[in-house]
Asks: 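Here it is, the structure in full.
Worth saying up front: this structure is predicted, and the values here are computed from it rather than measured. Side-chain atoms are counted along with the backbone in the values below, which use heavy atoms only and exclude waters and symmetry mates. Below, chain A is the first sequence line, B the second, and so on; all start at residue 1.
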2 protein chains.
Amino acid sequence: MPDTDLPLYFRLFNEIGIVDQLGRARFEKRLPQGVTVSHFSVLNHLMRVEDGRTPLELARAFQVPKTTVSHWLTGLDTLGFVNLRPNPNDRRSKQVWLTEAGRAFRDKAIADLAPDLARVKDVMDPDEVADLVARLERLRIWLDTNR
Amino acid sequence: MPDTDLPLYFRLFNEIGIVDQLGRARFEKRLPQGVTVSHFSVLNHLMRVEDGRTPLELARAFQVPKTTVSHWLTGLDTLGFVNLRPNPNDRRSKQVWLTEAGRAFRDKAIADLAPDLARVKDVMDPDEVADLVARLERLRIWLDTNR
DNA sequence: TGATTTTGATACGATACCGTACTAAATAAT
DNA sequence: ATTATTTAGTACGGTATCGTATCAAAATCA
């Protein structure tokens, strides 16, 4: 790889970092006090993939240490958005189930945030976003696989 | 398994978040103990843009609270990578200057990280990365402006 | 079978980051 | 010129995340 390309790959992660920074801040500001973007992401994941996941599965999915997931789940439990039940298949383990309140919160959060998020259309139309998402997904999968 | 369930614009920030997560973890793992990705980014910025920047300029560039920059700079100062000197133009302010050790560290870090970073080429060639960077930059500027 | 290793989860402590409140200096207003 | 407002930086406290150590339950093995 030519030297001239190198800074480019650094810049890629640099830009991603700043966009994430801005996106998270924007998001968090519009979520109710005490609910983090991580909380929202977990609820989202549980609805998308399906609930009953174990903490460890979540840690793998989000690529964070399992202690972090523990912290998320105690928060979500306190908020009344999930229930932690013993895992019938493995008595060391647990399963995370969404409550009605959790599902409702997630749906409302999406509804509340969507209008603001849709403003991104001003700078990038859906086709382009779809393309961007596809490329990022490819990159994500590679990073995940080749660790 | 694209999350067709999740609105497109949510998926965008979701993917960006995960890629950032993976990228940061990957970087951090290869940096010496006590040096964070943030530290590296600041050194990088100071060499790219040029040193003598004020803390507030850095906060704006990275879109983080100024208290966070304060924290970064005390760390970098302790590491001996920057010097904080009074700003001759404004006695409330400071200027951040790179030390020789700071420059050397940054250069070595880049040299050390480059081979791994180059592997990303397996999944995305420079042209595509350049395109991706341009789009993310456009998105970043919009997010920054329309807050 | 009993002993050893591995695995899922948490307790605990460290730290990175953020928000609020404060000080000092610059700028604006009167 | 005096006062009021804004601005640059930091101290301090809170919290999200992470690493290490620990415990209990599998899984492996001898």
Side-chain angles (χ1 to χ4, degrees), chain A residues 17-18 20-43 52-79 82-97, chain B residues 17-18 20-42 52-79 82-97 147:
Chain A
I18 299 182
D20 182 57
Q21 166 74 23
L22 291 170
R24 274 184 105 75
R26 191 186 189 96
F27 224 111
E28 197 118 7
K29 203 170 56 184
R30 292 159 207 266
L31 285 175
Q33 171 72 13
V35 184
T36 66
V37 174
S38 299
H39 290 149
F40 172 78
S41 301
V42 171
L43 293 180
R53 298 310 93 209
T54 71
L56 195 59
E57 280 175 322
L58 294 175
R60 292 211 183 92
F62 287 97
Q63 293 302 327
V64 295
K66 48 191 183 168
T67 51
T68 302
V69 174
S70 256
H71 187 250
W72 290 348
L73 295 178
T74 46
L76 285 167
D77 198 3
T78 304
L79 287 164
V82 302
N83 281 142
L84 291 166
R85 304 199 207 126
N87 185 338
N89 311 314
D90 185 336
R91 292 193 313 176
R92 292 169 300 182
S93 179
K94 296 184 177 176
Q95 287 180 333
V96 187
W97 297 93
Chain B
I18 300 181
D20 183 55
Q21 166 75 22
L22 291 171
R24 276 183 104 77
R26 193 183 188 98
F27 269 171
E28 197 116 15
K29 204 171 56 185
R30 292 158 209 267
L31 286 175
Q33 170 73 15
V35 184
T36 66
V37 174
S38 300
H39 290 150
F40 171 78
S41 301
V42 171
R53 297 309 94 210
T54 70
L56 196 59
E57 280 175 322
L58 294 174
R60 293 211 183 92
F62 287 97
Q63 292 302 327
V64 295
K66 49 189 184 169
T67 50
T68 301
V69 173
S70 256
H71 186 250
W72 290 348
L73 294 178
T74 44
L76 285 166
D77 198 2
T78 304
L79 288 164
V82 302
N83 281 143
L84 291 167
R85 304 201 207 123
N87 185 338
N89 310 314
D90 185 337
R91 291 194 314 178
R92 292 170 300 181
S93 179
K94 296 184 177 175
Q95 287 180 334
V96 187
W97 297 93
R147 238 174 306 175

Asks: Tell me which residues in residues 70-78 of chain A lie within less than 4.0 Å of DNA chain D, going by non-hydrogen atoms.
Replies: H71(A), W72(A)
Asks: Between dA16(D) atom P and R24(A) atom CZ, what is the distance in whole Å?
Replies: 11 Å
Asks: Rounded to the nearest Å, what distance is computed from the CZ atom of residue R53(B) to the P atom of nucleotide dG9(D)?
Replies: 12 Å
Asks: Measure the distance from CZ on R91(A) to P on dA27(D) and round it to the nearest whole Å.
Replies: 11 Å
Asks: With a cut-off of less than 4.0 Å, is there a side-chain N or O of Q33(B) near OP1 or OP2 of dC18(D)?
Replies: no
Asks: Roughly how far, to the nearest 0.5 Å, is CZ of R92(A) from CG of N87(A)?
Replies: 9.5 Å
Asks: Compare side-chain N and O positions of R92(A) against OP1 and OP2 of dC23(D) and report whether any pair is under 4.0 Å apart.
Replies: no
Asks: Testing L58(B), T68(B), T78(B) for side-chain contact (heavy atoms from CB on, under 4.5 Å) with L73(B), which one passes?
Replies: L58(B)
Asks: Show your reasoning for whether side chain to side chain contact (heavy atoms under 4.5 Å, CB included) applies to V96(A) and T54(A).
Replies: CA-CA 6 Å; V96(A) 187; T54(A) 71; over 6 Å; no
Asks: Between G52(B) and Q95(B), which heavy-atom pair has the shortest distance, and what is it?
Replies: O-CG, 3.4 Å
Asks: Rounded to whole angstroms, how far apart are CZ on F62(A) and C1' on dC18(D)?
Replies: 17 Å
Asks: Mapping E28(A) and K66(A) to their closest nucleotides on DNA chain D, which lands nearer the 5' end?
Replies: E28(A)
Asks: Would you please confirm or rule out a distance under 4.0 Å between OP1 or OP2 of dA16(D) and any side-chain N or O of T36(A)?
Replies: no
Asks: Does D90(B) reach a base, just sugar-phosphate, or nothing at all? Heavy atoms under 4.0 Å.
Replies: sugar-phosphate
Asks: Quick one: which of dC17(C), dG8(C), dA8(D) gets closest to the side chain of R60(A)?
Replies: dG8(C)
Asks: Let me spell it out: for each of N89(B) and Q63(B), pick the nucleotide of DNA chain C with the closest heavy atom. Which residue's pick is nearer the 5' end?
Replies: Q63(B)
Asks: Under 3.5 Å, is there any donor-acceptor pair linking the side chain of K94(A) to the base of dA9(C)?
Replies: no
Asks: Base, sugar-phosphate, or nothing: which does V64(A) touch, judged by heavy atoms less than 4.0 Å apart?
Replies: sugar-phosphate
Asks: I want to check one thing: is the phosphate of dC18(C), taken as OP1 and OP2, less than 4.0 Å away from some side-chain N or O of Q21(A)?
Replies: yes
Asks: Taking OP1 and OP2 of dC17(C), is either one under 4.0 Å from a side-chain nitrogen or oxygen of T67(B)?
Replies: no
Asks: Distance alone, cut at 3.5 Å: any donor-acceptor contact between the side chains of T36(B) and H39(B)?
Replies: yes
Asks: Report yes or no: does Q63(B) contribute a side-chain atom to a donor-acceptor pair with the main-chain N or O of Q21(A) at less than 3.5 Å?
Replies: no
Asks: At their closest point, which heavy atom of S41(B) faces which heavy atom of F62(B), and how far apart are they?
Replies: O-CZ, 3.6 Å
Asks: Checking all strands, does T68(B) fall into the base, sugar-phosphate, or nothing category for heavy-atom contacts under 4.0 angstrom?
Replies: base
Asks: Between R24(A) and S38(A), which heavy-atom pair has the shortest distance, and what is it?
Replies: NH2-OG, 3.5 Å
Asks: Which whole-number value in Å describes the distance from R26(A) CZ to dC18(C) P?
Replies: 17 Å
Asks: Of the listed nucleotides (dG19(D), dA9(C), dG9(D)), which one gets closest to any side-chain atom of P65(A)?
Replies: dG19(D)
